[in-house]
Amino acid sequence: MTVEQFDPKQTTTMDTPKKVLADQAEKAQSSSDAIENTSGRIGFVSLGCPKNTVDSERILTQLRADGYEVTPSYNDADMVIVNTCGFIDSAVQESLDTIGEALAENGKVLVTGCLGAKEDQIREIHPSVLGITGPHAYENVMEQVHHHVPKPPKNEFTSLIPDTGVKLTPRHFAYLKISEGCNHRCTFCIIPSFRGDLVSRPIGEILDEAKRLKAAGVNELLIISQDTSAYGVDVKYRTGFWDGQPVKTSMQGLCEALSALGIWVRLHYVYPYPHVDKIIPLMAQGKILPYLDIPFQHASPAVLKRMKRPAAAERVLDRIKKWREICPELVIRSTFIVGFPGETEQDFQLLLDWLQEAQLDRVGCFKYSPVEGATANELDDQISEEVKEERFQRFMLLQQQISQAKLAEKIGWEMQVLVDEVDEEGAIARTYADAPEIDGVVYLNGVTDVKVGDFVDVRITHSDEYDLWAELV
């Protein structure tokens with residue numbers, strides 16, 4: 001499991017806001033507006049990380065395929081589904097609050113997602129929910145929907161659902177989940193207890209989905225899982241087939257096949273295993289984006305040991321140096337935990353020294369927070385909130401300085417960017433160095449003659465701690 005929830009700017013969550021998801025669900029069904037349901041309206045709220053978003057997309061797609069209408073309004077819904085997050089205590093509380101809000105506004109609520117694995121906890125607070133399922137329990141969710149809200153009559157317009165299914169992301173980028181579960185047992189994490197051990201998707205199935213997404217207008221694929229580097233280990237990297245050609249079920253095999261699509265491919269949640277070295281030449285050759293999201297979490301060997309992280313940090317700096325020698329354009333983003341139980345001032349200073357030497361491009365940080373059921377709760381030497389806050393501020397100040405200096409170096413560069421937004425004031429785009437919603441952006445003030453999803457060439461004119469400004473070339 002990785003810790004991916006925190007933004008490098010303000011360390012806010014990666015979670016897409018509930019209202020945004022509701023609005024996008026409404027837009028996603030616009031292609032099927034010819035359907036006039038008099039019943040069978042389902043409200044949907046999705047919380048949590050991008051992996052949860054993919055689960056939500058799958059449920060929404062099945063709802064549409066079964067003839068249900070997805071509505072962004074509590075009042076119009078015959079039932080509300082809440083896809084919950086249960087990773088940290090604040091996420092659990094948000095999920096419980098959202099369930100309560102849905103019950104108060106509508107009264108008929110199904111709960112699914114990671115928090116659904118703790119049914120007793122949910123029912124203790126909200127005993128009137130109609131049903132509860134755990135994460136990626138798609139069939140169980142649909143069975144309960146059918147039980148409480150009868151399936152609407154079939155009609156000719158259901159074929160209007162796109163081949164890619166309902167998506168909660170903008171049309172030009174999409175999350176592509178390659179596996180479920182995780183084989184690691186980090187002491188701060190309880191996600192494996194929700195999602196189980198690693199189960200890799202068949203590589204042909206992944207590549208079919210990627211091909212459909214490109215055909216639908218997607219220009220960027222964000223590869224996600226609990227542990228992207230471990231893809232295929234559960235099936236011993238067996239050879240699969242796609243388009244009549246053999247493809248090895250491995251991260252390298254997947255990246256090589258995806259590179260043939262000719263769109264941006266971005267890797268998230270990559271543990272720094274040795275075989276990651278084989279991916280760097282693909283980046284240097286322009287086959288996939290030179291971008292790695294690696295959740296290092298800390299640099300002190302003592303802290304990493306207490307975390308039971310699967311990769312140590314002793315040689316990571318040397319490997320980063322070699323990666324950059326092979327691919328100078330490589331951008332690395334990461335997340336870190338400060339204030340983990342037993343973290344001494346010496347451990348923390350080691351982390352700061354490591355960060356200074358590593359010169360990572362994008363970094364998020366959060367203060368350790370106990371999670372119900374995590375073994376880290378039982379560790380000795382819990383850190384006070386005051387010390388956590390003080391270390392957090394020191395960490396973020398250093399990374400802000402690193403980020404500001406690295407972005408300033410780009411002034412004068414000509415770069416390709418992908419346009420995310422356009423309004424009367426201009427456009428907002430991203431370079432290859434920026435993942436949507438978690439990294440920085442490029443402001444194109446006054447540029448209004450471009451479209452969302454366009455690739456355009458720009459010259460960088462200005463920078464601050466996290467973002468860039470540019471003009472069209």
Side-chain angles (χ1 to χ4, degrees), residues 1-15 17 47-50 85-97 114-115 184-191 226 268-269 293-309 311 313 332-356 358 360-403 437-439 465-466:
M1 168 59 195
T2 63
V3 178
E4 69 277 4
Q5 278 79 359
F6 292 85
D7 183 283
K9 297 183 181 182
Q10 301 294 336
T11 66
T12 54
T13 67
M14 268 182 66
D15 307 346
L47 305 170
C49 65
C85 178
F87 175 50
I88 57 177
D89 287 350
S90 60
V92 170
Q93 190 59 52
E94 181 185 19
S95 294
L96 292 172
D97 290 346
C114 289
L115 188 59
H184 304 299
R185 297 297 183 265
C186 300
T187 57
F188 55 79
C189 180
I190 57 173
I191 294 302
Q226 303 294 337
H268 285 279
Y269 319 130
D293 174 9
I294 304 178
F296 291 118
Q297 309 298 22
H298 215 280
S300 164
V303 175
L304 289 169
K305 184 177 181 179
R306 290 168 75 89
M307 290 179 172
K308 291 190 176 178
R309 293 293 288 165
I332 301 175
R333 90 171 305 275
S334 189
T335 50
F336 293 86
I337 301 172
V338 298
F340 191 78
E343 180 191 62
T344 65
E345 179 60 29
Q346 182 179 1
D347 290 325
F348 180 68
Q349 187 59 52
L350 193 156
L351 172 58
L352 294 183
D353 293 343
W354 188 95
L355 192 65
Q356 181 70 59
L360 303 182
D361 301 85
R362 302 291 191 186
V363 171
C365 177
F366 73 94
K367 295 168 283 187
Y368 170 76
S369 174
V371 179
E372 184 179 354
T375 57
N377 299 345
E378 309 304 321
L379 294 176
D380 297 332
D381 301 321
Q382 297 284 326
I383 308 300
S384 71
E385 293 302 319
E386 292 78 11
V387 172
K388 291 178 187 177
E389 177 64 23
E390 188 267 343
R391 290 177 180 173
F392 171 82
Q393 294 297 336
R394 287 161 61 193
F395 181 99
M396 292 306 296
L397 178 61
L398 174 57
Q399 180 55 36
Q400 186 180 73
Q401 294 168 351
I402 294 171
S403 177
E437 301 174 351
I438 57 173
D439 292 330
E465 295 89 351
Y466 302 108

Requested in this report: Answer yes or no: is there a side-chain heavy-atom contact under 4.5 Å between Phe296 and Ile332?
Outcome: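 In short, these two side chains touch, coming nearer than 4.5 Å.
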Report task. Evaluate the side-chain proximity of Arg333 to Val363: yes if any heavy-atom separation is below 4.5 Å, no if none is. Result -> no
Considering all heavy atoms, the nearest [X]-[Y] contact:
| X | Y | answer |
| --- | --- | --- |
| Ser403 | Asp361 | OG-O, 4.2 Å |
| Asn377 | Val371 | ND2-O, 2.6 Å |
| Ile383 | Gly342 | CD1-N, 4.1 Å |
| Gln226 | Tyr269 | O-CB, 4.3 Å |
| Cys85 | Gly48 | CB-CA, 3.7 Å |
| Leu398 | Leu352 | CD2-O, 3.5 Å |

To the closest 0.5 Å, what do you measure between [atom1] ([X]) and [atom2] ([Y])?
| X | Y | atom1 | atom2 | answer |
| --- | --- | --- | --- | --- |
| Leu397 | Ile402 | CG | CD1 | 10.0 Å |
| Ser300 | Gln346 | OG | CD | 8.0 Å |
| His184 | Lys308 | NE2 | NZ | 13.5 Å |
| Leu360 | Ile294 | CG | CD1 | 8.5 Å |
| Phe340 | His298 | CZ | NE2 | 9.5 Å |
| Ile438 | Asp293 | CD1 | CG | 5.5 Å |

Requested in this report: Could you go through the side chain to side chain contact (heavy atoms under 4.5 Å, CB included) check for Phe188 and Arg309 one step at a time?
Outcome: CA-CA 10 Å; Phe188 55 79; Arg309 293 293 288 165; 4.0 Å; yes
Query - Residues which pass side chain to side chain donor-acceptor pair (under 3.5 Å) with Thr375, listed by chain and number, not counting sequence neighbours - result: none
Requested in this report: Check side chain to side chain donor-acceptor pair (under 3.5 Å) between Arg185 and all other residues, then give those that pass, not counting sequence neighbours.
Outcome: Asp197
**Report entry** Qualifying residue for side-chain contact (heavy atoms from CB on, under 4.5 Å) with Cys365, from Met396, Gln393, Arg391, Gln399
**Finding:**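 The residue from Met396, Gln393, Arg391, Gln399 that satisfies side-chain contact (heavy atoms from CB on, under 4.5 Å) with Cys365 turns out to be Met396.
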Query raised in the report: Parallel under 30°, tilted from 30 to 60°, perpendicular over 60°: which one fits the rings of Phe395 and Phe336?
Result: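 Phe395 vs Phe336 ring planes: tilted.
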Query raised in the report: Residues in side chain to side chain contact (heavy atoms under 4.5 Å, CB included) with Gln382, at least two apart?
Result: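 Result, side chain to side chain contact (heavy atoms under 4.5 Å, CB included) vs Gln382: Pro341, Tyr368, Leu379.
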Query - Verdict with reasoning, Arg394 to Glu345, per salt bridge (charged side-chain N to carboxylate O under 4.0 Å, His left out) - result: CA-CA 12 Å; Arg394 287 161 61 193; Glu345 179 60 29; 2.8 Å; yes
Query raised in the report: Quick check: does any side chain N or O of Asp347 sit under 3.5 Å from a backbone N or O of Thr344, one acting as donor and the other as acceptor?
Result: yes
